[in-house]
Amino acid sequence: MLTIPVEMKVKISTNEKFHAITVLEPNFTANMTAALHDLCEPFLNQEVKNLLLNLKDIQKLDSAAADGLLELRNLFYSKQASFVLCELQPHLKKYFEQNEQFEILQIAPTQSEASDIIYMEEIEREFTD
């Protein structure tokens with residue numbers, strides 16, 4: 001079986017507490033979620049494990065991709081790392097709310113608020129360790 005890698009345009013930046021990935025695509029499909037998983041999973045083996053995913057450019061998201069984001073979120077939280085989405089278009093935010101995934105996914109309106117969530121979760125983990 002031949003595996004064809006999915007091309008996905010992203011911008012990655014890192015600070016002392018998290019990696020910020022901005023997806024620079026208008027459509028987000030299940031194949032892209034798999035590519036995102038492959039991109040993000042190695043962060044869990046680094047000192048900085050937390051991930052902020054900025055989806056400001058995403059106009060269309062299929063249900064399999066939404067499920068893939070939830071799986072990725074669960075992977076990060078199982079490894080004691082944060083996974084926060086931010087800057088979703090209103091119709092995508094509504095989609096997650098209607099499918100009862102909004103609270104589970106940790107969605108913030110802005111990248112600044114998403115980073116605040118990550119910092120707060122880091123503090124919580126320090127107190128529980």
Side-chain angles (χ1 to χ4, degrees):
M1 182 163 109
L2 178 64
T3 303
I4 300 170
V6 175
E7 294 279 331
M8 182 173 52
K9 295 176 188 168
V10 297
K11 176 185 167 191
I12 302 173
S13 61
T14 301
N15 74 17
E16 72 275 358
K17 292 290 183 186
F18 62 88
H19 304 278
I21 298 177
T22 302
V23 179
L24 304 172
E25 300 282 350
N27 299 317
F28 199 69
T29 63
N31 289 345
M32 294 172 84
T33 306
L36 183 65
H37 187 282
D38 292 344
L39 174 69
C40 296
E41 190 172 14
F43 292 136
L44 291 169
N45 298 319
Q46 296 180 11
E47 186 175 331
V48 176
K49 298 178 184 200
N50 302 314
L51 186 71
L52 182 156
L53 187 60
N54 189 317
L55 300 178
K56 66 181 179 181
D57 292 335
I58 303 296
Q59 298 298 319
K60 186 175 179 187
L61 177 89
D62 66 31
S63 61
D67 292 341
L69 288 173
L70 187 57
E71 288 173 17
L72 194 55
R73 177 261 180 223
N74 291 340
L75 173 65
F76 270 74
Y77 278 91
S78 74
K79 304 289 185 178
Q80 299 297 306
S82 298
F83 182 86
V84 182
L85 304 178
C86 68
E87 297 193 27
L88 274 70
Q89 297 296 324
H91 62 281
L92 295 181
K93 180 181 170 189
K94 185 176 180 178
Y95 172 85
F96 286 118
E97 287 172 343
Q98 290 174 339
N99 290 289
E100 298 179 1
Q101 296 173 327
F102 187 80
E103 294 297 324
I104 297 168
L105 279 170
Q106 285 285 30
I107 299 172
T110 66
Q111 187 160 325
S112 176
E113 289 171 280
S115 68
D116 288 346
I117 290 170
I118 291 171
Y119 283 108
M120 292 302 294
E121 288 180 348
E122 274 289 303
I123 291 168
E124 287 176 13
R125 282 192 285 272
E126 287 175 13
F127 282 128
T128 59
D129 285 346

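As the structure is a computational prediction, the values presented were derived from the model and not from experiment.
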If you round to the nearest 0.5 Å, how far is [atom2] of [Y] from [atom1] of [X]?
X	Y	atom1	atom2	value
I21	T14	CD1	OG1	8.5 Å
M32	L61	CE	CG	10.0 Å
D57	L88	CG	CG	11.5 Å
R73	I107	CZ	CD1	11.0 Å
I104	L69	CD1	CG	13.0 Å
D62	N27	CG	CG	9.0 Å

Heavy-atom pair of closest approach, residues [X] and [Y]:
X	Y	result
E25	K9	OE2-N, 2.8 Å
F76	C40	CZ-O, 3.6 Å
A30	A65	N-CB, 3.8 Å
Y77	V84	OH-CG2, 4.5 Å

From the options M120, E113, E121, select the one residue that forms a side-chain contact (heavy atoms from CB on, under 4.5 Å) with I117.
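So, applying the side-chain contact (heavy atoms from CB on, under 4.5 Å) to I117 and each of M120, E113, E121, only E121 qualifies.
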Name of the residue among L24, L36, T29, T33 meeting side-chain contact (heavy atoms from CB on, under 4.5 Å) with M8:
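With M8 as partner, L24, L36, T29, T33 yield a single side-chain contact (heavy atoms from CB on, under 4.5 Å), made by L36.
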For the side chain of H91 and the backbone of K60, is there at least one donor-acceptor N/O pair under 3.5 Å apart?
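Checking the backbone N and O of K60 against the side chain of H91, no donor-acceptor pair under 3.5 Å is found.
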Mind listing the side-chain donor-acceptor pairs of residues 41-55 below 3.5 Å, one per line with the distance, residues two or more places apart or on another chain?
{"residue": "Q46", "atom": "OE1", "partner": "H19", "partner atom": "NE2", "Å": "3.4"}
{"residue": "N50", "atom": "OD1", "partner": "S82", "partner atom": "N", "Å": "2.7"}
{"residue": "N50", "atom": "OD1", "partner": "R125", "partner atom": "NH2", "Å": "3.0"}
{"residue": "N50", "atom": "ND2", "partner": "K17", "partner atom": "O", "Å": "2.8"}
{"residue": "N50", "atom": "ND2", "partner": "E122", "partner atom": "OE2", "Å": "3.0"}
{"residue": "N54", "atom": "OD1", "partner": "K56", "partner atom": "N", "Å": "2.9"}
{"residue": "N54", "atom": "ND2", "partner": "E87", "partner atom": "OE2", "Å": "3.4"}
{"residue": "N54", "atom": "ND2", "partner": "Q111", "partner atom": "OE1", "Å": "2.9"}

